[in-house]
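Below is one structure, written out as structure tokens; comments come after it.
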Amino acid sequence: DRVTYYGCGGWQADKLRAGVQYAKQTRRETGEDVDLRVVSGFVAGALRDKVWLFGRVDRNMDPNPQGPAIAYLPFAVAENTLFIAGADFQVAEGVSLMPNVEIITYDDPDVGPKPDTDVMARLTFQGKF
């Protein structure tokens with residue numbers, strides 16, 4: 001069983017948008033309940049016509065015991081901060097290529113050594129059909 005509470009807010013203008021979100025999820029599992037809290041913020045701005053720069057920061061305030069099993073972006077079991085930065089190139093109507101980098105930094109865990117920083121380069125394709 002999982003219960004999630006969240007709140008979010010955003011702002012948008014012609015060439016700039018930003019937003020924040022806070023979420024708390026309680027996972028009722030065998031033994032103790034696990035609480036996961038995250039605060040996230042993003043900003044995107046137009047560099048020129050059809051080119052946007054974007055950035056996002058997620059602060060995970062609780063270690064996720066299932067973090068290593070997340071297939072698309074595994075996390076070590078420690079509090080962490082995820083940074084994402086990139087550019088969005090609209091190459092055709094409804095088609096974007098977005099080179100970006102994701103960096104995860106970790107706090108000292110309750111037990112064991114501090115995990116190394118994770119750095120991933122990605123190329124995201126988005127198409128609207």
Side-chain angles (χ1 to χ4, degrees):
D1 292 328
R2 296 178 181 192
V3 177
T4 304
Y5 300 96
Y6 73 94
C8 61
W11 174 80
Q12 181 173 333
D14 288 340
K15 296 185 182 225
L16 185 68
R17 59 185 181 265
V20 294
Q21 178 178 358
Y22 172 82
K24 178 183 178 190
Q25 183 177 80
T26 299
R27 297 180 177 186
R28 292 182 169 81
E29 301 174 356
T30 56
E32 272 187 48
D33 287 352
V34 175
D35 286 330
L36 300 175
R37 298 168 298 145
V38 63
V39 63
S40 180
F42 78 89
V43 64
L47 185 61
R48 58 179 190 200
D49 192 36
K50 299 183 182 183
V51 179
W52 284 67
L53 299 179
F54 60 86
R56 176 176 139 185
V57 177
D58 294 352
R59 174 66 183 157
N60 293 297
M61 296 173 278
D62 302 292
N64 183 347
Q66 297 172 337
I70 300 172
Y72 63 91
L73 186 60
F75 286 85
V77 182
E79 294 175 21
N80 60 72
T81 305
L82 166 66
F83 301 92
I84 301 173
D88 179 346
F89 299 95
Q90 185 179 10
V91 295
E93 185 65 35
V95 178
S96 289
L97 290 176
M98 294 170 269
N100 57 88
V101 64
E102 299 175 359
I103 301 168
I104 306 169
T105 61
Y106 296 96
D107 296 357
D108 288 322
D110 292 336
V111 295
K114 181 178 180 178
D116 292 334
T117 298
D118 296 324
V119 179
M120 291 152 281
R122 298 194 187 241
L123 177 62
T124 303
F125 168 82
Q126 178 180 340
K128 294 180 185 179
F129 302 97

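With a 6.0 Å radius and a threshold of 12 heavy atoms from other residues, nucleotides or ligands, Y5 has its OH atom at or below the threshold. For Y6, the OH atom counts as loosely surrounded, since its 6.0 Å shell holds 12 or fewer non-hydrogen atoms of other residues, nucleotides or ligands.
Side-chain atoms of F125 and L123, non-hydrogen and from C-beta on, never get closer than 4.5 Å to each other. Under the 4.5 Å side-chain criterion, counting only non-hydrogen atoms from C-beta, Q21 is not in contact with D58. F42 is not listed as a side-chain neighbour of I84, based on a closest heavy-atom distance of 4.5 Å or more. Contact check for R56 versus N100: no side-chain heavy atoms found under the 4.5 Å cut-off. The closest side-chain heavy-atom distance from N80 to D118 is not below 4.5 Å.
P115 approaches P109 most closely through the heavy-atom pair CD-CD, 4.0 Å. Here the closest heavy-atom approach between residue A87 and residue L53 is recorded as CB-CD2, 3.8 Å. Annotation for Y106 and A76: closest pair OH-N, 3.2 Å, computed over non-hydrogen atoms. Listed here is the closest heavy atom pair of D88 and S96: OD1-OG, 2.9 Å.
A distance of 8.5 Å separates CD of E93 from NZ of K128, quoted to the nearest 0.5 Å. The CG atom of N60 sits 7.5 Å away from atom OG1 of T81, with the distance rounded to the nearest 0.5 Å. Within the model, atoms CZ of F75 and CD of Q66 stand 13.5 Å from one another, a figure rounded to the nearest 0.5 Å. Rounded to the nearest 0.5 angstrom, K114 NZ and D107 CG are separated by 7.0 Å. A distance of 10.5 Å separates CE of M98 from CD of Q90, quoted to the nearest 0.5 Å. Here the CD-CZ distance, from E79 to R37, works out to 7.5 Å after rounding to the nearest 0.5 Å.
Among the candidates D35, T4, N64, the single residue satisfying the side-chain hydrogen bond (donor to acceptor under 3.5 Å, both in side chains) test with Q25 is T4.
When the side chains of ILVMFWY residues are joined at heavy-atom separations under 4.5 Å, either directly or via intervening members, F54 and W11 end up in two distinct hydrophobic clusters. Taking hydrophobic clusters as Ile, Leu, Val, Met, Phe, Trp and Tyr residues chained together by side-chain heavy-atom distances below 4.5 Å, V20 does not share a cluster with M61. Cluster membership check: Y72 does not share its hydrophobic cluster with I103, using side-chain heavy-atom separations under 4.5 Å among Ile, Leu, Val, Met, Phe, Trp and Tyr. Under a hydrophobic clustering in which Ile, Leu, Val, Met, Phe, Trp and Tyr are joined whenever their side-chain heavy atoms come within less than 4.5 Å, directly or via other members, L82 and V119 fall into different clusters. In terms of hydrophobic clustering, with Ile, Leu, Val, Met, Phe, Trp and Tyr side chains grouped at heavy-atom distances under 4.5 Å, V95 and L97 are assigned to a common cluster.
Looking only at atom types and distance, the side chain of D33 has no donor-acceptor partner in the side chain of T26 under 3.5 Å away.
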